[in-house]
Amino acid sequence: MKSDRAEVAHIMRRAGFGATPSELDELTAEKTYEEIVDDLVNPERFPAIDSLYLDLYYDGQTQLTYMGKWLYRMMNTKRPLEEKMALFLHHIFPVAHGKSEHDPSIGVEIDTFRSVALTNFKTILLETAKDPAMIFWLDNNENHKDEINENWGRELLELFTMGIGNYTEDDIKSTSRAFTGWTFEQPLSLYPMGHHNAVFEYLPEDHDEGEKTFLGHTGNLKGEDIIDIIVKQPATARFISRHLYNFFVEDEPQVPAWSIEEPNDPEAIEQLSKVFLESEGDMRAVLKELFSSEFFRKSIDKKRVKSPVELVAGLLKQTGEFRSPKPGLHAFNGTAIQAGKEGTMRSMGQEMLNPPTVEGWHTGHEWIDSGTLGERVNFAGKQFSNASMPGVQEILQRAGTLDEDSADLVTRCLDLMGGIRVSHETHAGLVAYTEELKTMRKATGAEGDQKEVNVLDLLRMVVSTVDYQFA
Amino acid sequence: MNTKSEDKVLVVIQLTGGNDFLNTVVPYNNGHYYDARKKIIINRDQVLPINDELGINNTAAPFKRLYDEGKMAIVQGAGYPDSSRSHFRSMDIWQTCEPEKVGLEGWLGLAVRELDPRSENVLTGVNIGRGLPRAMAVPGVPVTSIGDIERYGVMNDFEREQLRDKAIETFKHLYGLAMGTGPVSDYIGKTGIDVLKGADLLSEVAAKYESSIEYADNPIAQSMRDVARVHLAGLGTRIFYTSHAGYDTHSNQTAGHAKLMTELSGGIADFLDDLEHHGAADNVAVLAFTEFGRRMRDNGSGTDHGSGGGAFLFGKNVAGGLYSEYPSIDPAHWEHGDDLQHTIDFRSIYGTILEQWMSVEAAPIVKGNFEQIHPFKI
């Protein structure tokens, strides 16, 4: 064993979407913790999922099909941090297909996020500023030389980089002016041309060439100059560091409260900010610092509520239902049309690619209410009700039977299900439930026939616990 | 726990997507309507006139009957200043009464808190549908969200009864233990216990219900049936919420909107008839609202996001008729291109309902004082 199994399970849950028992075996046998971190932040060492191959199975470019493909990537990628960072960027730069002129654009945006997530923050901002879905979402196509639209300029500073209190209304105006002329070419019409992506377009004739002042810098500033200045601000470093902490380490208060509420761990934010500023926003360096830090390694028992997408992707990865492409994946997101459909991320409060506002989803305990908790528990239980799924089979084979010692059995199941951490109370409760299962052995089915009770019933309880709601 | 006869009940129906008010209550004698609408039009012979100017879209015939019986109030031109054309933003504004900032507290959640300040009944507020609408969400206020009455709760899909009972017992034990072990675990633990309480209360609902009304087999009619079932079980619910989706009719509106109108009007009429048959119609009022109206001009296939929609109240003790004014459809009065100007603020409607129907002080919930209308008989 080169690394600690519980610790590896923890980082794989936070930096990815969990690990199967075999993945944990392999990682702990072959790599030290430091090597695992190094691999995570250098995803190019591992093969990418072939987009063309996925397109063969999940045809079409709508947000529905895209989400199916994205879930497939989350479960099967060899580059988990790349996928998790694409999700991170979707959370902090939330764009909804509900305000879109062109359905495929939202998927193109996520592909862009995936490709730039581990570069530097300047590149991330530049690509986001040029992204047609974002441009339309925040009306930068309506931001003209003689008629400023401040939507993008304001959110870039308030929600995406520095946070309120670190700039003035004049800075917003200058930012907006600097981004005039940043628009996109309308894609060809879907019928009969087929799918073509919208493409970024800079219109020099619509760009305000006048002098602007932004955070003390004066000149004929362009969008690129604004981004250059933003990335060098300590406020940006702190804001993004806090976002990373909230996403990977522990739930923070909701973002609008950040200007008035201190971070849970101010030293951790300072530690990340320092690396962010020194490396000029190198995301690999910042993430390496985060995953190597004491505060992350200790965060194994820190509370972070799983988002619905983390819950769903994590469960499906464990059961192994989609280790190769097959139909049905797109249905896990749910749409407005299927408002009444149970067992979707939408019914759990997170319709992916369609966040409720530009502020994104409220995370942490706000994921949970009586409706969404029931959805989570029932969905999770259902995934562990089918013993024929390859991942479930592997767990059952390795866990043993109800003939074994209850406490050992519970401990082994928790480990096999992705190194799940539970409180002592929950562990004791699961042991007591195992005892009940042993006493029952047979339980009466709907038709009055007796059916064998087995370890699968214990797995189903494990994913129903309070503890399982946490990442 | 049972609803006292004097306890008023409110049922809110969210028409998701932006209902085309112009084609719901049609200004069938106004030339501007025919000038602006080229293809997406309800002609004179397709309306059921309620006066010389306005007629109800004939695909919503049950509305005409309710209107004639004095059970339908049409609140014309409902909206708010600088109407947002974003579904989410506009729906948020309607749900939280916060047009300036992102609101975290839904107006109906706040009303639930006033009606049941000590959270004695997890069913005081009930959402029929999946996922809690923001209107019903306030931190710390339990509201029950029911997707399927027969399946509400956790672990009901366990095939083996004996095992299910043990599993639910263990769930209760584990969620109870989590309470007091930190703020978030405490909250999740409590929510889990609330789910079980709700499931207990709701377990008899389906078996108890009998009715001669046959609701249609579409989502809104079935949701209204669920509201009737829970209401008639006398579980103390004061506020129900449900949604009817599909109103974002950018394309193929003629067929799509007609279907919605038929489903909605049928569902509401069946619901009111059902209550009447059970002698339970006196204390129930229904509000149907939408986040915005649609543009004056159609786009050839449908209509785009606009403003100045309308809201509707239904019930035996609703004083039927027209309220506020029909928004002017004269192009001289359009705003933001071809949007209608609203004639009544939605917070006036909420304030009216909260104070006159629910006996709850409105100002803290709608954030201000808005002139009220008088659409109730009692």
Side-chain angles (χ1 to χ4, degrees), chain A residues 96 98-99 251 254 256 303 305 334 336-337 339-342 344 346-349 351 354-359 362 364-366 368-375 377-378 381-382 385 423 425-426 428-430 432-433 436-437 440 443-446 451 453 457 460-461 464-467 469-470, chain B residues 16-17 86-89 92 101-102 104 122 127 129-132 134 137 139 142-148 151-163 166-167 169-171 173-175 177-178 181-185 187-189 191-192 194-195 198-199 219 222-223 243 245-246 248:
Chain A
K99 180 180 171 186
D251 285 327
Q254 302 305 323
K303 299 289 192 233
V305 178
I337 303 154
K341 196 167 162 52
E342 64 178 283
T344 59
R346 184 178 199 273
S347 69
M348 298 175 204
E351 186 187 341
N354 211 7
T357 70
V358 64
E359 206 187 283
H362 282 197
H365 74 275
E366 289 196 33
I368 308 279
D369 62 48
S370 71
T372 58
L373 181 62
E375 293 288 347
V377 168
N378 291 332
K382 201 171 158 199
S385 62
S423 67
E425 290 82 1
T426 296
L430 290 170
Y433 184 64
E436 296 278 7
L437 293 176
M440 231 180 297
T444 311
K451 284 184 188 159
V453 166
D457 296 303
R460 214 166 160 182
M461 181 57 70
S464 306
T465 57
V466 176
D467 312 66
Q469 307 312 319
F470 295 104
Chain B
T16 311
S86 151
H87 290 294
F88 303 103
R89 187 65 200 123
D92 255 17
K101 56 175 186 152
V102 176
L104 298 181
V122 295
N127 172 55
R130 307 258 171 200
L132 202 56
R134 198 167 272 200
V143 164
T144 295
S145 211
I146 307 173
D148 179 345
R151 283 188 65 254
Y152 181 78
V154 288
M155 301 166 164
N156 291 335
D157 52 348
F158 277 46
E159 289 155 15
R160 292 154 292 177
E161 222 171 280
Q162 191 190 355
L163 183 66
K166 279 283 169 249
E169 208 176 283
T170 302
F171 179 90
H173 174 66
L174 292 176
Y175 277 68
L177 284 175
T181 59
V184 181
S185 304
Y187 167 74
I188 298 178
T191 306
D194 284 346
V195 174
Q222 291 301 311
S223 295
S243 304
D248 194 17

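Numbered from 1 within each chain, the chains take letters A, B, ... in sequence-line order.
Across all their heavy atoms, A:Ser464 and B:Phe171 have their closest contact at O-CE1, 3.7 Å. Contact between B:Thr191 and A:Ile368 at its shortest, heavy atoms only, is CG2-CG2, 4.2 Å.
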Does the side-chain contact (heavy atoms from CB on, under 4.5 Å) test come out yes or no for A:Leu437 and B:Leu163, once each step is laid out?
CA-CA 8 Å; A:Leu437 293 176; B:Leu163 183 66; 3.4 Å; yes
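Ranking A:Ser385, A:Ser423, A:Ser370 against chain B, the residue ahead of the rest is A:Ser370, based on heavy-atom pairs under 4.5 Å. Heavy-atom pairs under 4.5 Å with chain A were tallied for B:Val122, B:Leu174, B:Val195; the largest tally goes to B:Leu174. For the set A:Asp457, A:Asp467, A:Val305, the count of heavy-atom pairs under 4.5 angstrom toward chain B peaks at A:Asp457. The most heavy-atom pairs under 4.5 Å with chain B, out of A:Arg460, A:Met461, A:Glu359, come from A:Arg460. Note on B:Ala137, B:Ser185, B:Pro219: by heavy-atom pairs under 4.5 Å with chain A, the leading option is B:Ser185. When the candidates A:Val377, A:Asn378, A:Thr426 are compared by the number of heavy-atom contacts under 4.5 Å with chain B, A:Asn378 comes out ahead.
Within the 4.5 angstrom heavy-atom criterion, no atom of B:Asp194 approaches chain A. Within the 4.5 angstrom heavy-atom criterion, only side-chain atoms of B:Ala178, from C-beta onward, approach chain A. Heavy atoms of A:Thr465 lying under 4.5 Å from chain B belong to its backbone as well as its side chain. With a 4.5 Å cut-off on non-hydrogen atoms, B:Tyr187 touches chain A through its side chain but not through its backbone. In this structure, the portions of B:Phe158 lying under 4.5 Å from any heavy atom of chain A include both its backbone and its side chain. Contacts of B:Leu177 with chain A are made by side-chain atoms alone, with heavy-atom separations under 4.5 Å and no backbone atom involved. The contact between A:Val453 and chain B is made by backbone and side chain atoms together, counting heavy-atom distances below 4.5 Å. Both the backbone and the side chain of A:Glu425 come within less than 4.5 Å of a heavy atom in chain B.
Taking CZ of B:Arg160 as the reference point, atom CE of A:Met440 lies at 9.0 Å (rounded to 0.5 Å). Atom-to-atom distance recorded for B:Ile188:CD1 and A:Asp369:CG is 11.5 Å, nearest 0.5 angstrom.
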